[in-house]
Amino acid sequence: MPRAGIAVAVSAGLVLLAAACSAPPPRPAPGAIARPDPRPAAAPLIDALNQRIGEHGSVRGTVTGDLGLLGELTAENSVNYRKPLADLSLTGHNQPRNQPKQRVEVVVVDGVGYLNSPMTRPQPDRPWLRIVPGGSDFASKLLSPAVGQLREAVDPRAAFADVEQATRIQSSGPDQVDGKPVTRYDLRVVAPGGERGYQLWVDEAGLPARFSATHNVAQAGRVSLTSTYRDWGTPTNIQAPPDNLVGAFPEGPPPQTERPPG
């Protein structure tokens, strides 16, 4: 892959992996006094949801959404919850504005991400790019913070980890997902000066039927992503790609992106 194209590749990969990313809620000001929140606490709901997810262990589903500047994402995914960190795989298409669809694959195993896309292909015979949390290589430095954000988009446990006690139920009511009755919850992660919003649909078995978030992402603008779940408990076999198919970008910052011909 020409070095002049690395900037486009990195930008595309970063926005894809950071589709669910947003700035964390602001920290409380020193000495601030928190006022009681009249909205119901979501902790009991989240605890019950996590227990049901753990009992079933795996799920399949779809992810759809608007990636801001890079257009639409439509993909099938599988998630395995058996490990402390959920493993996931995603296969689908990303369609940038006014451009044809691009096939994309993402795998996350034990917290390490792997990305396969024509826009982020590091070497012709090694189509996968490895993103290691805290890694010192060029791609990992830029992309590893976003790997966890992708997991958040398909795993409600990750979205509410460490903020369960700060999450409130804004509203709730009956709804339907794929013709089946569910309860929809509007959830808010609360901190002084700001909130993060999520929508969660829970089926009659107490399992997620759909999960949605819309946030402003610095690299892409307004990003909205929705995961719809099916086949809870279906066995999954999520594996990292073989080492001989994993490449790496050249070290160092990329040059300025070339303009396309015409």
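Note that the coordinates shown come from a computational prediction; the quantities given were computed from them, not determined experimentally. Numbering of residues begins at 1 and proceeds along the displayed sequence.
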| query | So do Val104 and Leu73 actually touch side chain to side chain, heavy atoms under 4.5 Å? | reply | yes
| task | Quick one: pull up CZ in Arg168 and CG in Asp186 and give me the separation to the nearest 0.5 Å. | result | 15.0 Å
| request: Please work out whether the ring planes of Phe211 and Tyr198 are parallel, tilted or perpendicular, with thresholds of 30° and 60°. | output: parallel
| query | Got Arg52 and Val202 here, is their nearest side-chain heavy-atom distance under 4.5 Å? | reply | no
| message | Membership question, hydrophobic clusters at under 4.5 Å side-chain separation (ILVMFWY): are Val132 and Leu85 in the same one? | response | no
| query | Any link between Leu200 and Val182 through a network of hydrophobic side chains (Ile, Leu, Val, Met, Phe, Trp, Tyr) touching at under 4.5 Å? | reply | no
| request: Indicate yes or no: does Lys180 engage Asp178 in a salt bridge with an N to O separation below 4.0 Å. | output: no
| request: Apply side chain to side chain contact (heavy atoms under 4.5 Å, CB included) to Val59 and Leu207, showing your working. | output: CA-CA 10 Å; Val59 70; Leu207 288 161; over 6 Å; no
| query | Are Leu45 and Val177 connected in a single hydrophobic cluster, I mean Ile/Leu/Val/Met/Phe/Trp/Tyr linked by side-chain heavy atoms less than 4.5 Å apart? | reply | no
| note | d(Thr62 OG1, Leu90 CG) to nearest 0.5 Å is 10.0 Å
| message | So Trp128 and Pro242, do their side chains get closer than 4.5 Å, heavy atoms only? | response | no
| said: Is it the case that over 12 heavy atoms from other parts of the model lie below 6.0 angstrom from the CG atom of Asp125? | reply: yes
| request: Let me see the working for Asp175 and Arg210 under side chain to side chain contact (heavy atoms under 4.5 Å, CB included), right down to the final yes or no. | output: CA-CA 11 Å; Asp175 203 345; Arg210 183 172 290 164; over 6 Å; no
| note | So CG of Leu129 and CD of Gln123: to nearest 0.5 Å the spacing works out to 9.5 Å
| query | Mind checking what makes salt bridge (Lys or Arg N to Asp or Glu O under 4.0 Å) contact with Asp243, not counting sequence neighbours? | reply | Arg130
| Test item: Arg126 side-chain N/O and Val246 main-chain N/O as donor-acceptor pair under 3.5 Å | yes
| Hey, what do you get for CD1 (Ile53) to OH (Tyr229), rounding to the nearest 0.5 Å? | 7.0 Å
| Taking atom types as modelled, is there a side-chain donor on Arg39 or Gln170 under 3.5 Å from an acceptor on the other? | yes
| message | With a 4.5 Å cut-off on side-chain heavy atoms, are His93 and Thr74 touching? | response | no
| Within a radius of less than 6.0 Å around NZ of Lys101, do more than 12 heavy atoms belonging to other residues, nucleotides or ligands occur? | no
| query | Could you give the distance from CZ (Arg60) to OG1 (Thr228), rounded to the nearest 0.5 Å? | reply | 16.0 Å
| query | Going by heavy atoms in the side chains, are Arg103 and Thr91 under 4.5 Å from each other? | reply | yes
| Straight-line distance of Trp201 CH2 to Thr226 OG1, nearest 0.5 Å | 6.0 Å
| request: Compare all side-chain heavy atoms of Pro156 with those of Leu49 and state whether any distance is below 4.5 angstrom. | output: yes
| request: Have a look at Val154 and tell me which of Leu225, Val63, Val108 forms a side chain to side chain contact (heavy atoms under 4.5 Å, CB included) with it. | output: Val63
| field | Side-chain heavy atoms of Leu88 within contact of Asp155, under 4.5 Å | value | no
| request: Apply the test side chain to side chain contact (heavy atoms under 4.5 Å, CB included) to residues Val107 and Ile238: give CA-CA distance (whole Å), side-chain angles for both, the deciding distance (0.1 Å), then the verdict. | output: CA-CA 8 Å; Val107 176; Ile238 300 172; 4.0 Å; yes
| Close side-chain approach of Leu187 to Ile169, heavy-atom, < 4.5 Å | yes
